[in-house]
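Here it is, the structure, as structure tokens.
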Amino acid sequence: MKLPKTYKPSDYEADIYALWEKSRTFEPKNRDSDDYYSIVVPPPNANGDLHLGHGLTLALEDIAVRYNRLKGKAALLLPGADHAGFETQVVYEKELAKTGKSRFDFSREELYQQIWDFVAKNRENYEAQFRSLGAGVDWSRYVFTLDKKIVDQAYTTFKKMWEEGLIYRGERLVNFCSHHGTAFADIEVEYKETKGKLYYIKYPLTSGGGELTVATTRPETMLGDTAVAVHPDDKKHVKYVGKTVRLPLTNRDIPVIADDMVDIEFGTGAVKITPAHDPNDFEVAERHDLPRISVIDYEGKINHEAPEVYQGLDVEEARKQVLKNLAEQGFLAKTEAHKHSVGHCYKCGTVIQPLLREQWFIDMKPLAEKAIEALKANKIKFYPSGKKDQLIRYLEGLKDWNISRQIAWGIPIPAFVSAENSEDWIFDERVDRESIEVDGKTYHRDPDVFDTWFSSGSWPYATLDYPEGEGYKQFYPLSLMETGTDILYPWVSRMIMFGLYSTGEVPFKAVYLHGLIQDEHGAKMSKSKGNVINPMDQVNEYGSDAFRMGIIATEAAGSNRPFDSSKLVGARNFANKLWNIARYAEDVLGDDFILGKAVPKTAADHWILTKLQHLTGAVSADLDEYRFAEAYEKLYHFVWDYFADWYIEASKFSLNAQVLARVLEASLIILHPFAPFVTETIWQTLKWEHGTILAVRSWPKVAGTDTKQAQQFEAIQSLVNEIRFLSNELGLSKPRLHAEVSELIHSNSELIRRLARLDDITETPATSGIRLINSSAPAWLAVEKSVIEDYKKRLGERRTEQQKAIATLEKRLANKAYVDKAPKTVVDETKQQLEEARGQLDKMTESEKRLSA
RNA sequence: GGGUAUGUAGCUCAGUUGGCUAGAGCGCCACAUUGACGUUGUGGAUGUCGGGGGUUCAAGUCCCUCCAUACCCACCA
């Protein structure tokens, strides 16, 4: 035999993957075909190892693509890697820190080159991991997010938006992390519930005496106040509107204004307005044309706009100092405990400061509207379906998007500003130059880069070489976008908007969102908790196939779930089971076996082929609707319970070589998307069809089975099951069976004897012993007297249960409404059930009589 | 405050358009045994399908309500 006793994945996986690559298995064939299936892999960050989420993603996508390839489609799984601007910079900065340097020691060009090299090194690492996971990607189409075509596409999109007036530059509040020195999109800010304090500060009227008290959690920002606002309907305060107050600690007078945004119930009903450091206040300032005074700089320190004593203090220090001075001067009315949520940098935890900064923005409204329209027209199917409405709601509330980042690593923004006029910006792609000359004027390069998600938005079509590429023409829109629920908003939404904007079509026909994989106890995995599970360790321990099957075994779209290693164990055992089925086949079919025509002869042959026929349809139906776990479970039970436990056992008595071989072949094919390595390894070893690759064979078609014969095998099964049950229950060892002459038992007696572990079957007219109840052919187990009393008791209990079941069925059929309203098939089914139940009861009665006689 | 999920066996979870006598894996109990496999085989036990109400001939599945949990969004002067 060529196959060793136990399947050891590491002995085969690398060779098998190499075989696929060599034979270009993953490059789509039939180039002209309209019948395609395409997925573009969400590009993992090229700055480290793959995590479990990537493992899950690749398993799901690879299953979908391999399945569709077997179904005869032009199938493409396109791989890529992400430069992940900010993420990568952070990782690289940590590396730099080890050598005692920081990014500020290098120019942008130097830094860019260094990070590029760093990422290039990591790419090899992660490509190896793709291979380990069995991901059947077309490496010839590999794309990196900083490849020229991706950058060009980003510039094309930016230019189109620029020309259509969707891009604007403005001084807006941005979410600024002073530690990383960059702004974040709203969606990137992490809010945490924080116990803080609410401070009440008195602002005296400039003239005429009296005062207004405002409440604030951030007293230090008062240094930048430019107004106090009250609600127009606030009877208590409305009289102050139009007057001015003297801002404590400064010598500035600021107006009292009326605005709807004020909540009369909160605090005192009067709000200090700090347009430069609060998003709401910014909007109020816009409406009332108030000045904006920045008092906090990009390093998080108080700047020169504030009185000298506070300058240079960081925010926390300034707060203490301001409070101290306010108290000393009698302006601090009171302090209350107050819970509120505060934005933090998701990387370093620094409190995010809303700061004024010139940034590039996209006017999202027209983009969002198109996306909403497409979603409402069901142009994209969602798994789980509820995510669609969630996305629509998000898009409806979408604000303009700040796309510029103050980081070193990323795609430079192709914009230059006039040396003379800071308002004069031009679009130009010559970003490798510090400055350029246009029409005799000098322009300087914008030092900023794009938010990663800006270029990622074009991913589905940029990777396929839109607009002229063959890839685009054949594979767009993508069949599926499969990714994590957590990036529905930042990524999926943008791909939809950008796809519609640039190509006029939705970028994909369906979206499948998988949930987060948590640790064994349902906690989120994180490096800081130290509960991160590395997929490569799992692959090494259980094998790649076991990892894939184990990780998708509990998959349900959209929901988080804990990592369950017992599923991997089960999957490994399953792979080994399949392996041993192949060993058995190899053993009984011989080394030189060649596949031929399979003609079913026995009841078992018809039965297994019928089951196989159902399986091929059911697995197709599941995978077409992305029910991965259900499809896997069906396969598992077919192979293990039907094929191994019944058919192979039966084949030991009566072998039909071609049927056995065909069922194994079909099992290998259907299972291949889930367990590509072990199935291909078996196929290559058996060599039943020289030189063929399992991965590119065709989905099995099963025909010509006889249902009657298949049912006969099921009759044998229920007979055997009952004998096994009784043998176990009554502690019988190798009992004898007496049976009336019947076709079923007569022609299958040896099979029944073996499967049921009988000593012997005797054909005889009615006799004593234990009457089998599930058997259509009258048969009795010969037992000793001592066993009979035991059995009678059990039989009595069983009769009572049976009578109850019959009563239930009778009652249901006696219900006129049921008989009238339920579908005929359902009613017929009930009738049949009742008939069977009565038949069984009769047999029980008969059995009891005989035992008592 | 708004929203979305989730709650089914000891554990982790399936359960598609209502037809269910509610399933799987692991675990548990008993037994078996080796000419494919101990990563094995055979048999078994275990559930007020979160609580309550409703619609229906029929509800784990649909509706309402309450409880619990998780996540997302907004706001928090």
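Keep in mind that the numbers below use all heavy atoms, side chains included, and drop hydrogens, waters and symmetry copies. First the proteins, then the strands, lettered A, B, ... as listed; each starts at 1.
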inquiry  = Going by purine N1 to pyrimidine N3 plus the second Watson-Crick contact, or the G-U wobble pair, all under 3.5 Å, which nucleotide sits opposite B/U48?
reply    =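 Base-paired to nothing in any strand shown.
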request  = Take the protein atom CG of A/Asp645 and the nucleotide atom C1' of B/A36, then report the distance between them rounded to whole Å.
outcome  =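 It works out to 12 Å between those atoms.
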request  = Would you classify A/Arg218 as touching base, sugar-phosphate or nothing, given that sugar-phosphate means primed atoms plus P, OP1 and OP2, and contacts are heavy atoms under 4.0 Å?
outcome  =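 Answer is nothing: A/Arg218 stays at 4.0 Å or more from every strand.
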query = Hey, what's the ring geometry for A/His338 with A/Phe266, parallel, tilted or perpendicular (30° and 60° as the breaks)?
reply =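 Answer is perpendicular, since the angle exceeds 60°.
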ask   = Rounding to a whole Å, what distance do you find between A/Leu578:CG and B/U40:P?
value =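 Going from A/Leu578 (CG) to B/U40 (P), I get 14 Å.
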inquiry  = Main chain of A/Phe282, side chain of A/Arg287: is a donor-acceptor contact present, judged purely on distance under 3.5 Å?
reply    =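 The answer is no, because no donor-acceptor pair under 3.5 Å joins these two groups.
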query = Using a cut-off of 4.0 Å on non-hydrogen atoms, how would the nucleic acid contact of A/Lys652 be classed: base, sugar-phosphate, or nothing?
reply =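 Base contact.
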inquiry  = At less than 4.0 Å, is any side-chain N or O atom of A/Trp640 found next to OP1 or OP2 of B/C37? Yes or no.
reply    =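 False: A/Trp640 side-chain N/O out of range (4.0 Å or more) of B/C37 OP1/OP2.
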ask   = Is A/Phe574 touching bases, backbone alone, or none of the nucleic acid, heavy atoms closer than 4.0 Å?
value =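 No contact at all - A/Phe574 keeps every heavy atom at 4.0 Å or more from the nucleic acid.
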request  = Quick one: label A/Arg724 by what it contacts on the DNA or RNA (base, sugar-phosphate, nothing), any heavy atom closer than 4.0 Å.
outcome  =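 Sugar-phosphate contact only - A/Arg724 comes under 4.0 Å of backbone atoms but never of a base.
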ask   = Which nucleotide sits closest to the side chain of A/Asp622: B/U16, B/C20, B/G25?
value =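 The answer is B/U16.
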inquiry  = So A/Pro823, base contact, sugar-phosphate only, or nothing? Heavy-atom distance under 4.0 Å.
reply    =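 It contacts base atoms.
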message = Please give the distance between the P atoms of B/G60 and B/G7 as a whole number of Å.
response =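 That atom pair is separated by 15 Å.
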request  = Looking at every strand, decide which applies to A/Leu198 at a 4.0 Å heavy-atom threshold: base, sugar-phosphate, or nothing.
outcome  =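 The residue A/Leu198 makes sugar-phosphate contact but no base contact.
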key: Side chain of A/Lys821 (C-beta onward), nearest among B/C75, B/C57, B/C37   =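 Between B/C75, B/C57, B/C37, the one nearest the side chain of A/Lys821 would be B/C57.
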query = Base, sugar-phosphate alone, or nothing: which one does A/Lys388 contact when heavy atoms must sit under 4.0 Å apart?
reply =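 Counting heavy atoms under 4.0 Å across all strands, no contact is made by A/Lys388.
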message = In whole Å, I'd like the distance from the CG atom of A/Leu664 to the P atom of B/C37.
response =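 Taking CG of A/Leu664 and P of B/C37, I get 16 Å after rounding.
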task = Flag the pair A/Glu541 and A/Arg572 as a salt bridge only when some basic side-chain nitrogen lies within less than 4.0 angstrom of an acidic carboxylate oxygen.
result =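 Salt bridge absent between A/Glu541 and A/Arg572.
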ask   = Is any side-chain N of the basic residue among A/Arg292 and A/Glu286 closer than 4.0 Å to the acidic one's carboxylate O?
value =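 Yes, charged N to carboxylate O under 4.0 Å.
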query = Side-chain N or O of A/Asn721 less than 4.0 angstrom from OP1 or OP2 on B/G43?
reply =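 For B/G43, OP1 or OP2 has a side-chain N or O of A/Asn721 closer than 4.0 Å.
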ask   = With respect to the side chain of A/Asp587, which nucleotide from B/G19, B/A36, B/C75 is positioned closest?
value =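 Nearest nucleotide to the side chain: B/A36.
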